[in-house]
*Asks:* 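There's a structure below that I have some questions on.
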Amino acid sequence: MTDEKYMKLAIELAANTKGQTSPNPLVGAVVVKDNQIVGIGAHLKAGQAHAEVHAINMAGEKAKGATVYVTLEPCSHFGKTPPCADLLIKSGVKRVVIASTDPNPLVAGKGIAKLKEAGIDVEVGLLQKEADELNEVFFHYMSTGLPYVTIKTATSLDGKIATATLESKWITSQEARLDAHTYRHQHDAILVGVNTILKDDPELTTRLPQGGKNPIRIILDTSLRTPLSANVVNDKAAPTWIVVGCNAEREKVAAMEEKQVEIIQMPTEKIDIPTLLKILAEKGITSLFVEGGAQVNGSFIKAKAVQQVITYIAPKIIGGESAPTSFGGEGIEKLSEALELEIKSVEKIGPDLKIVAKRKST
Ligand SMILES: Nc1c(/N=C/[C@@H](O)[C@H](O)[C@H](O)COP(=O)(O)O)[nH]c(=O)[nH]c1=O
Ligand SMILES: [Zn+2]
């Protein structure tokens with residue numbers, strides 16, 4: 001098998017733990033000796049063993065003189081677990097092939113330097129593009145200190161998210177709605193505006209046939225209009241945080257806290273998205289799934305606080321100039337101010353279309 005084939009396996013191992021490792025990166029490792037795979041591993045959960053540890057443990061004695069393929073530069077600092085670079089040196093591997101270098105300024109290049117000093121043959125950059133894409137959330141969070149934001153919209157062919165009388169259930173198909181739940185599993189938190197709570201009383205949980213992690217539920221609700229009877233307040237299916245302005249009534253705040261809802265009070269009357277993102281990042285949110293509605297989506301676009309937009313389009317025409325579209329707010333005047341993205345994929349999901357678009361990497 002060529003180097004590429006082993007690195008593809010390591011990337012595959014990492015890709016399959018998506019949604020499990022946050023706030024840590026996705027990492028896969030494969031140990032090969034005399035053209036035989038003698039150990040494989042992936043980082044499974046933050047705080048637990050790194051991918052290299054699982055793979056080297058599985059290889060045992062066979063690690064001596066072996067080649068290790070790892071999707072991210074081995075760590076060289078004492079985090080929750082001892083450094084992988086030291087483990088690789090101790091286990092006597094001969095060669096280490098790395099896809100991505102670590103973006104964390106504290107570690108970048110240190111792991112590679114340690115391995116080279118120990119006389120290990122190190123090669124960097126094999127399938128780096130695929131491996132970097134895998135960790136776009138982790139790299140974004142490390143380099144900006146802010147959560148990676150995905151906005152999901154679901155519209156008719158003519159771009160409406162509801163009729164003029166605000167009926168919206170359902171525009172897209174069951175298959176498309178189910179597909180969106182994969183992103184709920186993969187993101188640390190899901191965010192909607194209070195209008196969605198008042199209109200749909202949603203659960204905002206991950207209901208995939210194969211199961212999945214429920215994201216933390218974040219509600220933007222400046223004057224705390226979320227009813228105490230709402231699903232997200234009572235079902236205890238996941239933590240619920242409600243973001244309010246500084247003028248939210250103290251009694252309402254107290255009543256919500258009584259029900260174990262966490263209230264995030266902004267220092268300003270209105271909710272400022274960039275300030276909110278900093279607060280969420282400090283609370284460990286590395287990825288945020290924004291499911292609208294139009295007003296909330298509009299505020300994220302205005303703040304240019306989005307990395308990925310996922311649009312589901314149903315082959316239906318709703319019409320009506322007052323029927324709402326995906327992005328509310330005042331919008332832009334000049335086309336040159338439009339948020340530029342690039343389309344990454346277009347696919348059919350049941351009768352609907354799914355378009356994934358991403359911000360051009362700056
Ligand atoms: N109206 C539609 C959607 N609407 C999305 C949100 O407005 C819903 O309140 C939210 O998905 C409900 O979450 P739940 O209670 O956890 O199921 N989303 C879609 O993909 N297609 C639609 O046609
Ligand atoms: Zn490590």
Side-chain angles (χ1 to χ4, degrees), residues 11-12 14-19 21-27 71-72 99-104 125 127-155 159 161 172 176-177 179-192 215 218 273-274 276-277 280-281 285-294 296-313 325-327 329 331-332 335-349 352-362:
I11 289 173
E12 196 54 29
N16 282 283
T17 63
K18 220 169 182 173
T21 65
S22 177
N24 287 358
L26 301 164
V27 188
T71 57
L72 180 66
S100 310
T101 47
D102 197 309
N104 182 343
L127 299 184
Q128 171 155 9
K129 195 170 150 301
E130 292 82 341
D132 285 356
E133 239 168 53
L134 203 58
N135 277 314
E136 60 186 349
V137 166
F138 176 72
F139 289 167
H140 176 82
Y141 181 69
M142 288 312 288
S143 52
T144 64
L146 297 173
Y148 180 97
V149 175
T150 297
I151 295 180
K152 171 232 153 190
T153 69
T155 70
I161 60 168
T172 58
R177 296 201 309 273
D179 188 75
H181 280 236
T182 312
Y183 296 96
R184 292 185 175 184
H185 165 70
Q186 291 174 350
H187 285 71
D188 293 339
I190 184 167
L191 184 148
V192 297
I218 299 173
I273 298 299
L276 173 64
L277 289 180
L280 295 182
I285 303 294
T286 68
S287 58
L288 186 62
F289 189 55
V290 177
E291 249 197 72
V296 164
N297 290 351
S299 61
F300 272 81
I301 288 293
K302 185 158 176 278
K304 294 197 181 302
V306 59
Q307 279 65 52
Q308 174 177 234
V309 177
I310 298 173
T311 305
Y312 296 92
I313 302 176
T325 61
S326 313
F327 293 89
I332 56 171
L335 268 179
S336 58
E337 295 161 32
L339 193 85
E340 297 274 347
L341 299 140
E342 53 188 337
I343 291 181
K344 292 292 190 186
S345 66
V346 180
E347 56 184 301
K348 280 293 289 301
I349 304 266
D352 304 326
L353 205 54
K354 171 187 177 182
I355 300 175
V356 177
K358 288 189 182 160
R359 287 290 287 289
K360 293 196 174 85
S361 29
T362 35

*Asks:* Taking all atoms of both residues into account, what is the closest heavy-atom pair of K354 and V356, and its distance?
*Replies:* CE-CG2, 3.8 Å
*Asks:* Between S287 (side chain) and D188 (backbone), is there a donor-acceptor pair under 3.5 Å?
*Replies:* yes
*Asks:* Using side-chain contact (heavy atoms from CB on, under 4.5 Å) as the criterion, point out the one residue from I151, L146, I218, V137 that pairs with L288.
*Replies:* I218
*Asks:* Pair V309, F300 - check side chain to side chain contact (heavy atoms under 4.5 Å, CB included), show working.
*Replies:* CA-CA 11 Å; V309 177; F300 272 81; over 6 Å; no
*Asks:* If every non-hydrogen atom of N24 is compared with every non-hydrogen atom of F138, which pair is closest and at what distance?
*Replies:* C-CD1, 4.0 Å
*Asks:* Run the side chain to side chain contact (heavy atoms under 4.5 Å, CB included) check on T286 and H140 step by step: do they pass?
*Replies:* CA-CA 9 Å; T286 68; H140 176 82; over 6 Å; no
*Asks:* For the atom pair CG (L26) and CD (E136), what is the distance rounded to the nearest 0.5 Å?
*Replies:* 10.0 Å
*Asks:* Apply side chain to side chain contact (heavy atoms under 4.5 Å, CB included) to the pair K360 and L341, showing each step before the final yes or no.
*Replies:* CA-CA 6 Å; K360 293 196 174 85; L341 299 140; over 6 Å; no
*Asks:* Nearest heavy-atom pair of P25 and L72: which atoms, and what distance?
*Replies:* CG-CD2, 3.6 Å
*Asks:* Is a donor from one side chain sitting under 3.5 angstrom from an acceptor on the other, for D352 and T172?
*Replies:* no
*Asks:* For K152 and N297, which heavy atoms make the closest approach, and how far apart are they?
*Replies:* O-ND2, 4.5 Å
*Asks:* Looking at E337 and K304, what are the two nearest heavy atoms and their distance?
*Replies:* O-NZ, 3.3 Å
*Asks:* Please check: side-chain N/O of E342 versus main-chain N/O of K358, any donor-acceptor pairing under 3.5 Å?
*Replies:* no
*Asks:* Tell me whether Y148 contacts the main-chain N or O of F139 through its side chain, where contact means a donor paired with an acceptor under 3.5 Å.
*Replies:* no
